[in-house]
Participant: 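Quick one: this structure, given as structure tokens, is what I'll be asking you about.
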Number of protein chains: 2
Amino acid sequence: MRVTMHDVAQRAGVSIKTVSNVVNGYPHIRPETRRRVEEAIEHLGYRLNTTARNLRTQRTDMITLAVPELRLPYFAELADSVIRSAEEQGLTVLIEQTGSVREREIELLDGRRRHLTDGVIFSPLALGQDDVGLFEVDFPLVVLGERVFDAPADHVTMNNVAAARAATLHLASLGRTRIAVVGAHEGELVGSAALRTEGYRQGLAAAGLPYDPALVSEAGLWHRSTGSESMARLLDSGVEIDAVFALNDAMALGALHALHARRIEVPGDVALIGFDDVDDVRYSVPTLSSVDPGREQIARTAVDLLVERIAGGDERPFRRVIPDSRVVGRESTGDAAEGMEKVVTVQPGGNEEIVSPVSATA
Amino acid sequence: MRVTMHDVAQRAGVSIKTVSNVVNGYPHIRPETRRRVEEAIEHLGYRLNTTARNLRTQRTDMITLAVPELRLPYFAELADSVIRSAEEQGLTVLIEQTGSVREREIELLDGRRRHLTDGVIFSPLALGQDDVGLFEVDFPLVVLGERVFDAPADHVTMNNVAAARAATLHLASLGRTRIAVVGAHEGELVGSAALRTEGYRQGLAAAGLPYDPALVSEAGLWHRSTGSESMARLLDSGVEIDAVFALNDAMALGALHALHARRIEVPGDVALIGFDDVDDVRYSVPTLSSVDPGREQIARTAVDLLVERIAGGDERPFRRVIPDSRVVGRESTGDAAEGMEKVVTVQPGGNEEIVSPVSATA
DNA sequence: TTGTAAGCGTTATCAT
DNA sequence: ATGATAACGCTTACAA
């Protein structure tokens, strides 16, 4: 059988409590006692049983991160950042892939796995504003993204409208007047697509450009393939275009691919900007301008909020945090080359921390 | 306080054992009893406490996947595949990022977290053949990659030498004679770099081309940035080049970037092939030829082997499995465009399953 | 400073 | 088909 604290205690000639104290770094232990215990631990190859501790303490020191898919670079990088932040707080991260499947996202909230981790950071993609009721859960929860607002939970999101507006203005500032959008979701009122499209319209208006529906191209899932297809459709439609705002970087890379296939020069013929500022865009040909939504800050904030909730009980109201975002100009909008990107902060002060009117109930 | 089985039992007027039976789908229960229990569960909002179950059953139904970094697309995609395979077997995956830090990799093997999950799939990057002794652990372990061979554990790896040889021959078959390597590790005898460089040399020999050290460029970590720098050094050295074999895709994308920065045409002036076949390469400009090491199969096999070890005790000898790899020709080597890649399987039958001479001891 | 004993919420054994 | 009860390995009052 496995070695337990009892075995260690026996060999060291002390009680199990003393072993526990040593293992947990309790300070008031006679050096000689500590030495004997440590010797026994070493000799027997004892390992603390985390499960037993978790049961007793009612904590796991694990948190769940639920994202659609790790193969999407944005979420891989987000996961990386969350894992690092969690580690600094002594937490281990369990990753759930929902695959953007509605049932899986619902399962996540129904508490079936309530006792597996101390809390959940959840980036929904299938659920929407209508499902806001599902977010009233009895465990610590931090919501990410733009699908659901005013859920009874802390929320870290981004300044989508303002950032998209800035991206559009960045294209307009190059003198481009036929600015297309790749990745729109017709008819949607919530979510990244709706908000970024709204920002695009505001940007056009601010630049004095007309809004032309023919310039807005749809894409379902925001992958490279759909971006490529969405761009291709736009080009095949024969509409005149001199700039493209892809609503995320994956689609921007796909769009770049489609443009290249038709021997259209970027940024010569068509300027291009994406959204997310993933690692990829620094090494595409040409390098891609993008909007950095403050991913690092999102991850850190989410972990911090969750840790507060886990530790502090449920006394404070829910918060919404919006990190700073920045437009990063690279070659695809004729900006500086590697290492010399042109960076513009979107709406400084936009990261105001809004205290939600809903009070905690969890 | 939280709702436990006791509370459910009380409300349903049965014993706790019966509740447990219902929860675990034990078949021999009177329908009426089951109904009452289910009503009580529903009414009280009871959730099974996984931690308590884990303590009692000595299983967690979780496995650990330890990779260097999720932001490296290869590992993000591997993690995705592992999570999916694990899920099919009812397992949850805990991801550890080692950051290729030696101490962290050692910690992983020292069993400190022994009881957190049922087993570990480990892709080492800092440890090497000299550390093979550390792999003698008392928990189920599957090793991935090329850093360590003949460890006392199951091992899923790839046919590095043969695949690199095939990649090199693919370049030679285009009539290229000055084939460079990006990403070599001078002096190393184990690991992907050494094996792939060896395959490169074999490929040259098979094509009747001389080996020229001036064509071999180093890179430490295999990132886009280092690939770009490694390529740049090669170009700055003035040596004549008409093809490049980048030892992974990240570096290939970096190399593509460096080539473009110097207005060198791919594949016109220089043909380029990478290794890993990550999603990225299908959407770069031009699309990138690569070697698919069978990532899906690697993930599935690793999970299967681990599950066997967890379930079956330790009776069978350790196995080494080598999935099929394929050379996928795309635009960067003048091959067909999107959707019509030229695919060549490397050494069919190369996935022989070698039973290692070391017997199980775990 | 260290020991004793109760209990965390399950599952498993053995009755009945 | 169901119940009583003892573990699982740890932490934590409370005692000493």
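Proteins get letters first, then strands, A, B, ... in listed order; numbering begins at 1 in each.
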Participant: For a quick check of understanding: with a heavy-atom distance under 4.0 Å over all strands, which category does R59(A) fall into, base, sugar-phosphate or nothing?
Facilitator: nothing
Participant: When you check the gap from the basic side-chain N to the acidic O, do R84(A) and D80(A) get nearer than 4.0 Å?
Facilitator: yes
Participant: Between R113(A) and E107(A), is the closest basic N to carboxylate O distance under 4.0 Å?
Facilitator: no
Participant: Could you tell me whether R147(B) and E105(B) make a salt bridge, using a distance below 4.0 angstrom between a side-chain N and a carboxylate O?
Facilitator: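 No, this pair does not count.
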Participant: Sort out for me which residue in T50(B), D118(B), T117(B) forms a side-chain contact (heavy atoms from CB on, under 4.5 Å) with M62(B).
Facilitator: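 Output: one option passes, namely T117(B).
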Participant: Compute the centroid of each ring, for F149(B) and then for H155(B), and state whether the two points are separated by less than 6.0 Å.
Facilitator: yes
Participant: Mark up nucleotides 11-16 of chain D, 5' to 3', with B wherever a protein heavy atom is under 4.0 angstrom from a base atom, S wherever such an atom reaches only the sugar-phosphate, and - elsewhere.
Facilitator: BBB---
Participant: Among residues at least two apart in sequence or on other chains, which ones pass side-chain hydrogen bond (donor to acceptor under 3.5 Å, both in side chains) with R112(B)?
Facilitator: D110(B)
Participant: Would you please confirm or rule out a distance under 4.0 Å between OP1 or OP2 of dC10(D) and any side-chain N or O of T51(A)?
Facilitator: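 T51(A) to dC10(D) OP1/OP2: no side-chain N or O under 4.0 Å.
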Participant: For a quick test of reading the model: is some side-chain N or O of Y46(A) closer than 4.0 Å to OP1 or OP2 of dC10(D)?
Facilitator: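 So the side-chain polar atoms of Y46(A) do come within 4.0 Å of the phosphate oxygens OP1 or OP2 of dC10(D), strictly under.
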Participant: Which of residues 27-43 of chain B have a heavy atom under 4.0 Å from DNA chain D?
Facilitator: H28(B), I29(B), R30(B), T33(B)
Participant: If you check the L55(A) side chain, which of dG3(D), dC8(C), dC10(D) turns out closest?
Facilitator: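 Of dG3(D), dC8(C), dC10(D), dC8(C) is nearest to the side chain of L55(A).
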Participant: Would E308(B) and R316(B) pass as an ion pair if we require N to O under 4.0 Å?
Facilitator: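 A salt bridge links E308(B) with R316(B).
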Participant: Assess whether a salt bridge exists between R35(B) and E38(B), defined as any Lys/Arg side-chain N lying under 4.0 Å from an Asp/Glu carboxylate O.
Facilitator: no
